[in-house]
There are 2 protein chains.
Amino acid sequence: MQNSDAMALTAALLAAAGGLTQRIHEGVVARGFEGVRPAHGFAFARLAPDGATVTDLAVHLGVTKQAASQLVDELVRKGYAERRPHPADARARLVVMTEAGWACTRAAEAAAAEAVGAWAEVLGEDGVRALRAGLLRVAPGGPIRPSW
Amino acid sequence: MQNSDAMALTAALLAAAGGLTQRIHEGVVARGFEGVRPAHGFAFARLAPDGATVTDLAVHLGVTKQAASQLVDELVRKGYAERRPHPADARARLVVMTEAGWACTRAAEAAAAEAVGAWAEVLGEDGVRALRAGLLRVAPGGPIRPSW
DNA sequence: AGCTTATGGTCAAGTAGCTTGACTATCTCT
DNA sequence: AGAGATAGTCAAGCTACTTGACCATAAGCT
């Protein structure tokens with residue numbers, strides 16, 4: 001294996017991840033959800049199904065809790081999430097999705113399925129499955145944020 | 001294929017790309033190159049082997065030419081690149097790597113090979129090859145910058 | 001119980017990397 | 001030669017993040 005092949009793999013990964021994220025985002029916008037960024041989608045993934053605290057979100061997204069708090073502010077302002085008192089800890093607040101948040105999540109999943117479907121036409125269903133399986137094995141708990 | 005599988009694939013891609021980028025960056029720093037960001041590495045990829053103009057770089061990185069120009073400023077200030085008059089166009093300037101730039105590139109390739117080597121222990125050499133081949137087929141000219 | 005330390009969250013201020021807008025110099029096309 | 005396109009820079013502004021300080025509550029220790 002040449003060193004340059006490793007760089008090519010890295011570039012291909014970034015290109016694939018970036019392209020897919022972009023397509024999903026476009027699909028979400030096309031379904032009528034404006035003002036949402038891809039990061040919000042990954043926040044939703046952590047909020048579902050039972051909500052999460054700001055600190056949970058911060059860990060999941062790989063940012064400071066202040067940044068996560070600002071992101072929640074934005075989601076609340078746009079009507080996608082709510083802050084509720086935490087049932088077991090008076091310091092914490094449980095962030096839960098509203099119905100609008102769920103609708104946005106469903107839109108993102110549909111858009112993602114559409115984008116991945118285009119890949120299946122190139123690689124075949126099995127190829128996509130193999131790709132996902134391989135990625136899950138090498139990046140089990142990697143950072144969700146690419147964040148250069 | 002479930003919709004949620006498509007989201008899992010996206011998350012795995014981001015995690016893999018982010019993790020790999022991060023490891024390479026750490027490897028480059030460990031080899032004594034400070035003050036470089038991953039974006040610089042992808043700039044180097046375009047500068048090699050014959051240099052490039054600021055506009056070329058901007059297209060390659062998916063940013064405005066002002067942003068690319070700032071990035072070149074930084075590379076020049078740190079001694080990794082130089083601006084030369086363009087041999088065929090008096091408006092343009094050819095940005096070329098210095099010897100330090102080449103050394104940094106070699107360090108990045110070594111770090112990348114190391115990081116990918118860890119993957120080969122999980123997937124096997126063939127698995128990594130298959131992964132790269134699949135990614136190259138679905139993301140031929142995707143954006144290098146994930147840039148949410 | 002009471003004290004100490006750790007944890008969840010917010011407020012405030014600062015920053016890095018990007019953007020848009022305006023401008024000059026040079027090239028290209030007719 | 002003139003008109004428009006293109007390479008590059010300067011300047012200003014924005015956005016998503018950061019660090020640092022702070023308060024309220026929880027958990028652990030004696």
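Just so you know, these numbers come straight off a predicted model, no measurement behind them. The chains referred to below are lettered A, B, ... by the order of the sequence lines, with proteins before strands, and numbering in each begins at 1.
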Can you measure [X] atom [atom1] to [N] atom [atom2] for me and round it to whole angstrom units?
| X | N | atom1 | atom2 | value |
| --- | --- | --- | --- | --- |
| B:Arg37 | D:dT18 | CZ | P | 15 Å |
| B:Glu74 | C:dA16 | CD | P | 10 Å |
| B:Arg77 | C:dG17 | CZ | C1' | 13 Å |
| A:Leu57 | D:dC17 | CG | P | 12 Å |
| B:His40 | C:dG17 | NE2 | P | 7 Å |
| B:His86 | D:dA7 | NE2 | C1' | 10 Å |

Subject >> Under 4.0 Å protein heavy-atom contacts per nucleotide of nucleotides 8-14 of chain C, with B for base, S for backbone only and - for none >> reply: BBBB---
Subject >> Polar side-chain atom of B:Arg137 near backbone of A:Val122 as donor-acceptor pair, under 3.5 Å >> reply: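 Confirmed, B:Arg137 side chain pairs with A:Val122 backbone.
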Original post:
Between B:Arg132 (side chain) and B:Val128 (backbone), is there a donor-acceptor pair under 3.5 Å?
Top reply: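 Judged by distance alone, no pair lies under 3.5 Å.
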Original post:
Which word best sums up how the rings of B:Tyr80 and B:Phe44 line up, parallel for under 30°, tilted for 30 to 60°, or perpendicular for over 60°?
Top reply: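 If you compare the ring of B:Tyr80 with that of B:Phe44, the planes turn out perpendicular.
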Donor-acceptor pairs under 3.5 Å, side chain of residues 68-77 of chain A to any protein atom, not counting sequence neighbours: which ones?
unit_1: A:Asp73; atom_1: OD1; unit_2: A:Arg83; atom_2: NH2; d: 2.1
unit_1: A:Glu74; atom_1: OE1; unit_2: A:Arg37; atom_2: NH2; d: 3.0
unit_1: A:Glu74; atom_1: OE2; unit_2: A:Lys78; atom_2: NZ; d: 3.1

**OP:** Remember a base hit wins even if backbone is also touched, and classify B:Ala67 as base, sugar-phosphate or nothing at under 4.0 Å, heavy atoms.
**Re:**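 Base contact - B:Ala67 has a heavy atom under 4.0 Å of at least one base atom.
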Original post:
What closest approach, in Å, do B:Lys65 and B:Ala58 show between heavy atoms, and which atom pair accounts for it?
Top reply: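 The answer is CA-CB, 3.6 Å.
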Original post:
Which atom pair, heavy atoms only, marks the closest approach of A:Ala81 to A:Val95?
Top reply: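 Shortest heavy-atom separation between A:Ala81 and A:Val95 comes out as CB-CG1, 4.1 Å.
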